[in-house]
2 protein chains.
Amino acid sequence: MTPSRKPARRKPAPSRSAAEQEALRATAFRTSRRHNAAETEEDYVELIDDLIRERGEARSVDMAQRLGVSHVTVAKTIRRLRDKELIQYEPYRAIFLTPKGKSLAERCRGRHQQVVDFLTALGVSTRAAEVDAEGIEHHVSAETLDAMRRFTRERRKGS
Amino acid sequence: MTPSRKPARRKPAPSRSAAEQEALRATAFRTSRRHNAAETEEDYVELIDDLIRERGEARSVDMAQRLGVSHVTVAKTIRRLRDKELIQYEPYRAIFLTPKGKSLAERCRGRHQQVVDFLTALGVSTRAAEVDAEGIEHHVSAETLDAMRRFTRERRKGS
DNA sequence: CATAAAGTTTAGCCGAGGTTACATTATCAT
DNA sequence: ATGATAATGTAACCTCGGCTAAACTTTATG
C-alpha cells in the first residue's frame with residue numbers, strides 16, 4: 001500500500017574494501033563542511049586587506065557592498081572575527097587586521113590569485129575564473145594547489 | 001588614543017572601471033553563497049542515488065554514516081528535501097528519489113566524476129582528488145567544467 | 001509470542017549567517 | 001554651531017545544519 005515495504009534491518013554491507021571507502025567519503029564530507037565554516041572568515045580578512053590597500057581603510061559599508069550583504073550581517077560577523085582576534089576596531093571607527101589576521105589574509109590572497117591564474121591558464125574566461133575561484137579557493141588542498149601551480153607555470157612557458 | 005581616527009564619510013571610490021569591478025566581486029560572493037546553500041541537497045540526493053544503486057535502497061542510518069553526521073541531522077534534512085519534492089518516503093520506510101531528485105542526482109554524479117577525473121589527470125592523488133572534489137564540485141560553472149573536460153580528454157589521449 | 005535490538009522520529013538546544021526596523025554617532029555644509 | 005545625512009550599532013526574527021536525549025515502530029529472535 002505504502003510505496004515501500006522494505007526491511008528496516010541493515011543488509012550486510014558489500015564487503016570489499018568497503019570500510020575504507022566509507023571512511024574516506026565521510027572524511028571528504030567532513031572536510032568540505034569544515035572548509036565551508038572557515039570560508040567566511042577567510043573572505044572577510046581578505047576583503048579587509050583589499051580595502052586597506054585600495055583606500056587606506058576598511059569600512060563596514062564598503063564591505064557590505066562588496067559582499068552583497070546587509071551592513072548588519074557585516075557587523076555581526078566582524079564582532080565574531082574580533083573575538084577570534086583576527087581584526088580589531090573601535091565603535092564607529094574603521095577596521096584593521098591584527099597580525100594574525102594579516103597573515104591569514106596574505107595566505108588567502110596568494111591562494112586566490114593562484115586559483116584564478118590556474119583557471120585562466122586552463123582557458124576559462126576572466127569573468128568566470130573570478131566567480132568560480134571565489135567558491136573553489138576554500139576547498140583546494142595543498143597538494144591540488146601545488147598541481148595547479150605547476151600546470152600554470154608550464155602552460156605559460158609553453159605558449 | 002583610539003587606534004583609528006579615520007573619517008566616517010565615504011571617500012570617492014577610485015573611479016576607473018570601479019563600478020563594474022565591485023559588481024563582479026559582489027556577484028562572485030553571492031554566487032558562492034548560493035552554491036553553498038545548494039550543496040546539502042545536492043550531496044543528499046547524490047548519496048541517496050549511490051545507496052540505491054549499491055544496495056537497492058537508501059536508509060537514513062547509512063546516510064548518516066557516510067556523511068559523518070548524526071542520524072537526527074539526516075532526518076531533519078530529508079524532511080526539507082521532501083518538502084522540496086526531491087525525495088519521497090513514508091515514516092519508518094526507505095527513501096526514494098522523485099523524478100526531479102533523480103535528475104538532480106544524475107547531474108551531480110556526472111559533475112563529481114568529471115571533477116575527480118580532472119584532478120587525477122592534473123596529477124593529484126586519488127585520495128586528495130576525492131576529498132577536494134567534494135568541496136569543489138559545487139562551485140564549478142559550466143564553462144569551467146567544460147574546460148576541465150577538455151583538459152582531461154587531451155591529457156588522456158596524450159599519454 | 002514477548003521482548004530486545006535496530007532504526008526512526010520528535011523535542012529542544014546551539015551557532016552561523018541572513019533579514020528589517022529602529023536608535024545612535026560622526027562628519028559635512030550651511 | 002547646528003542640523004541633515006551617512007555610517008554604525010542594536011533588537012528581534014528567520015532558516016539551515018549541527019547536536020543530545022528520549023519516545024516510538026519494526027523486525028528478529030529466544
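Quick note on labels: first sequence line is chain A, next is B, and so on, each numbered from 1. The shown structure was predicted, so the numbers you read here are calculated from the model rather than taken from an experiment.
Between P91(A) and S60(B), it is S60(B) whose nearest contact on DNA chain C lies nearer the 5' terminus.
Rounding to whole angstrom units, CG of residue N36(A) and C1' of dG18(D) are separated by 13 Å. To the nearest angstrom, C1' of dT8(C) lies 13 Å from CG of D62(B). Taking atom CD on E90(A) and atom P on dG9(D), their separation rounds to 10 Å, with Å as the unit. Nucleotide dT8(D) holds its P atom 14 Å from the CZ atom of R79(A), rounded to whole Å. Atom CD of E39(B) is separated from atom C1' of dG18(D) by 15 Å (rounded to the nearest Å). Whole-Å rounding puts the I95(B) CD1 to dT9(C) C1' distance at 12 Å. One atom, CD1 of I78(B), and another, C1' of dC16(D), lie 16 Å apart when rounded to the nearest Å. Taking atom CG of residue D43(A) and atom C1' of nucleotide dA16(C), one finds them 14 Å apart after rounding to whole Å.
Aromatic rings from H35(A) and H138(A) are positioned such that their centres are separated by 6.0 Å or more.
Counting Ile, Leu, Val, Met, Phe, Trp and Tyr side chains that sit under 4.5 Å apart, directly or through other members, V131(B) shares a hydrophobic cluster with L24(A). V72(A) forms part of no hydrophobic cluster, judged by ILVMFWY side-chain heavy-atom separations under 4.5 Å.
Residue Y89(A) holds its OH atom at 3.5 Å from CZ of R82(A), rounded to the nearest 0.5 Å.
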Solution key, residues 114-121 of chain A side-chain donor-acceptor pairs under 3.5 Å, sequence neighbours excluded:
| residue | atom | partner | partner atom | Å |
| --- | --- | --- | --- | --- |
| D117(A) | OD1 | Q113(A) | NE2 | 3.0 |
| T120(A) | OG1 | V116(A) | O | 2.8 |

Do any N or O atoms of the protein come closer than 3.5 Å to N or O atoms of nucleotides 19-23 of chain C, and which pairs are they?
| residue | atom | partner | partner atom | Å |
| --- | --- | --- | --- | --- |
| dT19(C) | OP2 | S70(A) | N | 2.9 |
| dT19(C) | OP2 | S70(A) | OG | 2.9 |
| dT19(C) | OP2 | T73(A) | OG1 | 2.8 |

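Among the atoms of the strands shown, none is found under 4.0 Å from any heavy atom of T77(A).
At least one side-chain nitrogen or oxygen of R33(B) sits closer than 4.0 Å to the OP1 or OP2 atom of dG18(C). Between R93(A) and dT27(C) there is a side-chain N or O to OP1 or OP2 distance below 4.0 Å.
Every side chain to side chain donor-acceptor pair (under 3.5 Å) that E39(A) has, sequence neighbours left out, goes to S32(B), N36(B).
Among residues at least two apart or in separate chains, salt bridge (charged side-chain N to carboxylate O under 4.0 Å, His left out) pairs with a member in residues 128-147 of chain A are D146(A)-R149(A), D146(A)-R150(A).
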